[in-house]
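Reviewing the structure listed below.
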Amino acid sequence: MTRPKALLVEDEAMVALMMEDILEDLGWDVAATFSDVAPALEWLTANDNLDGAVLDINLGSELVFPVAEALKPA
Amino acid sequence: VERNPTQGEIDALKAVARATATAFENVRLINHLQEAVERREFLIRELDHRVKNTLAAVQAIARQSLKAGHDPARFEAAFSARLKAMSQTHELLALGSWAPASLDDLARRVLAPMMGDGTRLSISGPPVTFSAEAAVAVGIGLHELATNAVKYGALSQPGGAVALAWSTPLEGETRGFELEWRECGGPAPAAERREGMGSALLNRGLPRTLGGEGMLAFFPEGVCYRLVAPMSGRIALA
């Protein structure tokens with residue numbers, strides 16, 4: 001059985017590592033982790049086979065919502 | 001037609017001038033108060049955000065420290081030392097109301113226990129600041145390097161030394177921020193152990209937060225960590 005794939009966006013390094021760990025323990029593969037909106041959006045243009053995403057809303061100087069918008073089914 | 005104003009006119013004008021000055025002064029005071037209130041609200045929101053982030057980071061540290069599978073005494077020691085590094089970073093950030101923190105200040109605080117007379121651990125680099133989130137990760141990262149050096153590396157035996165140095169781009173240069181932690185004179189590092197919290201943070205977590213690259217290497221002469229990242233909202237010239 002293949003493991004479901006998740007995208008993680010989180011700017012706090014320690015928390016990002018823990019979230020990866022927790023997701024993996026829960027049976028997920030973390031397909032990619034980003035700490036900013038722009039690289040996450042760029043990655044999403046080439047990768048659309050995700051099963052879920054965990055997004056930290058406040059990324060320091062910006063909010064994550066554009067990534068959430070990009071995850072909406074067309 | 002020119003004429004001298006009457007005393008009554010002068011008094012009336014003076015009264016108007018005083019009233020106007022008072023009004024201006026009141027507006028200035030009100031603006032001042034408003035700014036103080038807004039600043040206070042901003043700081044409370046920032047504090048709320050930081051407290052939640054801190055609790056999440058503590059949870060992360062607890063989880064990673066537990067995963068190492070040590071006995072309770074060793075877990076307690078590792079966990080406490082990491083919390084202490086985090087609290088030193090927070091102290092520095094709080095002093096500056098969570099404005100970006102100087103790397104030199106941060107390094108000297110976190111590495112103070114290992115500094116001694118400064119001959120075994122040197123710190124040098126131009127002024128550069130890290131955003132609050134990035135500073136927390138950098139603080140823990142430096143703590144991990146130092147702890148490792150004291151336990152197994154250059155600071156575990158006499159004659160070993162560590163140099164922490166960084167550089168920033170000069171005007172017109174496109175390269176980014178570069179940092180190096182280089183150990184020498186210690187025992188040759190043992191074959192790489194399985195990835196622990198420190199190496200995960202240094203190799204993946206920290207570089208990712210900064211949009212750069214990091215590499216922890218084990219050379220025969222000692223551990224070497226290199227971090228390269230573009231200047232950004234998280235790393236800025238002081």
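Values below: every heavy atom of this structure, side chains too, minus hydrogens, waters and symmetry copies. Here the structure is a predicted model, which is why all the values come from computation and not from measurement. Numbered from 1 within each chain, the chains take letters A, B, ... in sequence-line order.
Close approach to chain B, defined as a heavy atom under 4.5 Å from one of its heavy atoms, is seen in A/Thr33, A/Ser35, A/Asp36 of residues 33-41 of chain A, taken by number. Residue-level contacts of residues 54-63 of chain A with chain B, in order of numbering, are A/Asn58, A/Leu59, A/Gly60; threshold 4.5 Å between heavy atoms.
Contact of the A/Met14 side chain with the B/Gln59 side chain is not registered, since no non-hydrogen atoms from C-beta on lie closer than 4.5 Å. Side-chain contact between B/Lys67 and A/Asp21 is present, with at least one heavy-atom pair separated by less than 4.5 Å. Two residues are said to be in side-chain contact when any heavy atoms from C-beta on lie closer than 4.5 Å; A/Asp25 and B/Arg63 meet this criterion. Annotation: side chain of A/Leu17 is in contact with side chain of B/Leu201 (closest heavy-atom distance under 4.5 Å).
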Could you give me the CA-CA distance, side-chain angles and deciding distance for B/Arg208 and A/Glu20, then say whether salt bridge (charged side-chain N to carboxylate O under 4.0 Å, His left out) is met? CA-CA 13 Å; B/Arg208 207 161 48 200; A/Glu20 289 176 343; 2.8 Å; yes
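Within a 6.0 Å radius of CZ in B/Arg175, other residues, nucleotides and ligands contribute more than 12 heavy atoms. Other residues, nucleotides and ligands contribute more than 12 heavy atoms inside 6.0 Å of the CD atom of A/Glu24.
Closest approach of A/Val15 to B/Ala57, counting heavy atoms only: CG2-N, 3.9 Å.
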